[in-house]
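See below for the structure under consideration.
Letters A, B, ... mirror the listed sequences (proteins, then strands); counts begin at 1.
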Protein chains: 2
Amino acid sequence: MFKRILIAEDQETQNISLQKTLAELGAAKPEYVYYCDDALTWIKNAVKTEQPYDLLITDLYFEEDHNRQKITGGTELIKAAKEVQPDLKILVFSGESKTAVIDMLFKEMNIDGYVRKARHDGQYLKLAINAIHNHKKYLSPDLKLARKENNSHDFTDLDIAIISQLVEGTPQKNIPYYLQENNIKPSGLSSIEKRLNLMKEVLGFSKNEQLIAYCKDVGII
Amino acid sequence: MFKRILIAEDQETQNISLQKTLAELGAAKPEYVYYCDDALTWIKNAVKTEQPYDLLITDLYFEEDHNRQKITGGTELIKAAKEVQPDLKILVFSGESKTAVIDMLFKEMNIDGYVRKARHDGQYLKLAINAIHNHKKYLSPDLKLARKENNSHDFTDLDIAIISQLVEGTPQKNIPYYLQENNIKPSGLSSIEKRLNLMKEVLGFSKNEQLIAYCKDVGII
DNA sequence: AACTCTGCTACGGTTTCCCGTAAGAATAAT
DNA sequence: ATTATTCTTACGGGAAACCGTAGCAGAGTT
């Protein structure tokens, strides 16, 4: 089993239960930090003293507080950690369920496992750690199923820009100016109308208000 | 200290750390369930056998799975539990941070404490349980700060009805019919316009889209 | 009962948005 | 180079939303 494990998780109770879960697995007593910057420092020191960590378990989103951090999120931490120690195994433990985010982690960040904070997360953590120890990838099963969203629209940068401007209060007729200044094209008013219509049609809406509410719900804005 | 505590929390690791936190406090070994329906059943049985619980610690949002539940969320659980045992103390432990939701819990559900799942939640849980044991209310400090929302608007039932209709896609000019059918008055189109203007003015907005986004953010809809 | 005060509603003018059509630009195909 | 295709933009009529004004109904006061 892994000998040196580092936990990066800001939520105190989650951090505690991670430690306990690892203890049940027979892993060595893990070390743990509450901030990303600390995590990177510890990883660097461990490499320097030639006792590097075997596994990093990290959350994705950390809350800001009075301690200003250079690294503010799990993704950046992973990237920085991989630069220091490319062979470090990474297990992400987060509430995030959007497939776009998780796919990116596996493909671009090359993480080794993802467990979502959800009903059976304790069991899945154990399975994940075992799998990773055997040099396999792991994804918690509640996410493998979650691919049923069907009539969702692929929001382009343009779409998001338009919606963001609406949420900012920009009148529709003024959005072309904004798009031109930010070199987003197309920028014509008709194109904006067309794009809004397309989004609403695909999602079965008739008014902008519905679209805004939907985007808020799924976290696009 | 409390003698009988019930934990309702679907996330396995959170459930574990709650148990551990209570153990550190010197509370009796708590009982725990992963579903709201189970929680209510246990509360009922405890009342029936005249060994009622002293404290219920519950999450707000539970995930659906193959076990179909009658009670799907913490708020409904609290309501049902209070009917069975009105003097049951309630501590809500959830990630929710929207003031509208939390205010509702204290005012309408008459809960005794709220701790947000966040950085120092372990410490706050202990403080909360002690406070509740001394018949005081408790709110975790990370939320007290967020309460300084300044130019917030008191949303009336009418306001919420109007906004809900907009989110449903009802054209503004048709909302009067809806209001009349639901015996909400005033129902005139001018009143709706006036109300929308008031809301937007107070919050410094100019367009409905901004208002919808704001309401989504603070959890009014 | 007459009066004020307050709040709801109805009406009209202006602006914005909606939507279809068609002209223009850019890219691809022959 | 010419044609085809696709994408972008411009224009104009009609609908909806916006905004100020004025009339109307009910509650309370004298």
Spacing between B/Gln165 atom CD and D/dA16 atom P, to the nearest angstrom: 16 Å
Contact check, side chains of A/Glu9 and A/Tyr32, non-hydrogen atoms, under 4.5 Å: no
Under 3.5 Å side-chain donor-acceptor pair for A/His133 and A/Lys89: no
Please check this pair: side chain of B/Gln210 against backbone of B/Ser206, looking for a donor-acceptor N/O pair closer than 3.5 Å. yes
Can you check the A/Lys173 NZ to C/dC18 P distance for me, whole Å? 13 Å
From the list B/Gln14, B/Lys117, B/Gln11, side chain to side chain donor-acceptor pair (under 3.5 Å) partner of B/Asp59 resolves to B/Lys117
Counting only pairs under 3.5 Å, give me each side-chain donor-acceptor contact of residues 188-201 of chain B, with atom names and distances, residues two or more places apart or in other chains.
unit_1	atom_1	unit_2	atom_2	d
B/Arg195	NE	B/Asp159	OD1	2.6
B/Arg195	NH2	B/Asp159	OD2	3.3
B/Lys200	NZ	B/Asn208	OD1	2.9

Given B/Val167, B/Ile160, B/Ile162, the one that forms side chain to side chain contact (heavy atoms under 4.5 Å, CB included) with B/Ser164: B/Ile160
Expressed in angstrom and rounded to an integer, what is the separation of B/Met199 atom CE from D/dC18 atom C1'? 15 Å
How long is the line joining CD of B/Gln172 and C1' of C/dC18, in whole Å? 15 Å
With a 4.0 Å heavy-atom cut-off, tell me which residues in residues 178-195 of chain A come close to DNA chain D, sorted by residue number. A/Pro186, A/Ser187, A/Gly188, A/Ser190, A/Ser191, A/Lys194
Kindly say if A/Asn208 contacts the phosphate of C/dC17, meaning a side-chain N or O under 4.0 Å from OP1 or OP2. no
Nucleotide D/dA17, atom C1' - distance to CD of B/Gln210 in whole Å: 16 Å
Round to the nearest Å and state the distance from A/Ile175 atom CD1 to C/dC18 atom P. 10 Å
In whole angstrom, give the distance that lies between atom CD1 of B/Ile162 and atom P of D/dC18. 12 Å
Could you tell me how far apart B/Leu196 (CG) and D/dA16 (P) are, to the nearest whole angstrom? 17 Å
Report the nucleotide, chosen from C/dT16, D/dA17, C/dC19, that has the shortest atom-to-atom distance to any side-chain atom of A/Asn197. C/dC19
